[in-house]
Amino acid sequence: MHLSRRFLIVFSVFLSSAALLRSAAAAEAYLIADAQTGYILEEQESRKKLQVGSLTKIAAASVALDWAERRSGDLNQAVPACTLAYHVGSKVESLAPGQASSKYTPVDAFVAQMNALAKQLKMDRTRFVNPHGVDYKVKPMPYSTAEDMARLTRYAMNKASFRFYVSQKERQISFDRAGRRINYMLRNTNELLGKMGIDGVKTGRTARSGDCLILYANRQAEVVRQGQMETVYPRHLMVVLLGSTNRFGEGTALLQRGWQLYDQWAAGGRVADSKKML
């Protein structure tokens, strides 16, 4: 009886692990990484070029925040959607001198900055063509990879302002229209925000991209003591999910698996293969 019970326990653990792996592998591509070091814990088709939908806006937000930091730009101005790209693009230097001024718009300049940032971050398999990620009737087609989007997310999450914005479940904004003051409530589409230590980052969806999701989760830092020495290890996990049909279900499964992999990695001394670093 005791042996039978033990077999049932082991078998049930195996089944739950198998179910977790099946759920994780359903997406076209995914990547799980220790966000602190950039060490990739697990990946599937992470270098495959895919459409990423509104995840593109992480790059747009990064360019706008970089401009605000470096050029003392005013983030209190009301300039929504493509207007933001036009506004910031009109104030940054063009990265493509020689373009005909009648064709090269401020939005083009802004997108050029997005691609320059991608190049800076070694996002070698990424092409941005607009600030929002819409890929319907767009030529050339935009694309990126789970690995490249992970690099971009690490960069963005190093900014306190970006972390603040993506952690908000909702936020009321006010603006003037036709002489009237209008209040509008913005609501975050990330259903997992605030659960399981998740404090970001972004959802995305188009007909071509399917459901996309980037999660950033935290656990209390681990303190390791060796004699008189004490080392603190921040624990931040990042999940990038592209081409999903159930982004929140798969995102939850990947995050759970990610923490299992992280604990195994930490127990083994946090040895990081240089070939598996973002």
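Atom set for the values below is all heavy atoms of this structure, side chains included, hydrogens, waters and symmetry mates excluded.
- Legend: ring pair (Phe, Tyr, Trp, His ring centres under 6.0 Å) pairs involving residues 189-222, not counting sequence neighbours, sorted by first then second residue: Y216-H236.
- Contact annotation: the side chain of E28 never approaches that of L242 to less than 4.5 Å [non-hydrogen atoms, C-beta and beyond].
- Shown here are the ring-ring contact (aromatic ring centres under 6.0 Å, His included) partners of Y143, two or more places apart in sequence or in another chain: there are none.
- Taking CG of N130 as the start and CZ of F110 as the end, the distance is 11.0 Å to the nearest 0.5 Å.
- For the pair T203/E191, no side-chain contact is recorded, criterion being any heavy-atom separation below 4.5 Å from C-beta on.
- Summarising the hydrophobic clusters (Ile, Leu, Val, Met, Phe, Trp, Tyr; side-chain heavy atoms under 4.5 Å, direct or chained), the residues clustered with V224 are Y233.
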Which pairs of donor and acceptor atoms, one on a side chain in residues 53-66, lie under 3.5 Å apart (sequence neighbours left out)?
residue, atom, partner, partner atom, Å
T56, OG1, G53, O, 2.9
S62, OG, I58, O, 2.8
D66, OD1, Y155, OH, 3.1
D66, OD1, K159, NZ, 2.4
D66, OD2, Y155, OH, 2.7

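- Within the structure, the salt bridge (Lys or Arg N to Asp or Glu O under 4.0 Å) test picks out the following pairs touching residues 258-270 (sequence neighbours left out): R219-D263, E222-R270.
- With rounding to the nearest 0.5 Å, the separation of CE in M141 from CZ in R208 is 3.5 Å.
- The CG atom of D199 sits 11.0 Å away from the CD atom of Q168 when rounded to the nearest 0.5 Å.
- Atom CD1 in I32 sits 14.0 Å away from atom OH in Y262 (nearest 0.5 Å).
- Separation of atoms CG (L41) and CG (L254) is listed at 11.5 Å; rounding is to 0.5 Å.
- If you chain together ILVMFWY residues whose side-chain heavy atoms come under 4.5 Å of each other, V232 ends up grouped with V223.
- No donor-acceptor distance shorter than 3.5 angstrom exists from the side chain of E147 to the backbone of E43, with no hydrogens or angles considered.
- Summarising the geometry, atom CG belonging to D148 is positioned 12.5 Å from atom NZ belonging to K122; distances are rounded to the nearest 0.5 Å.
- Checking side-chain atoms of R247 against main-chain N and O of G204 turns up a donor-acceptor pair under 3.5 Å.
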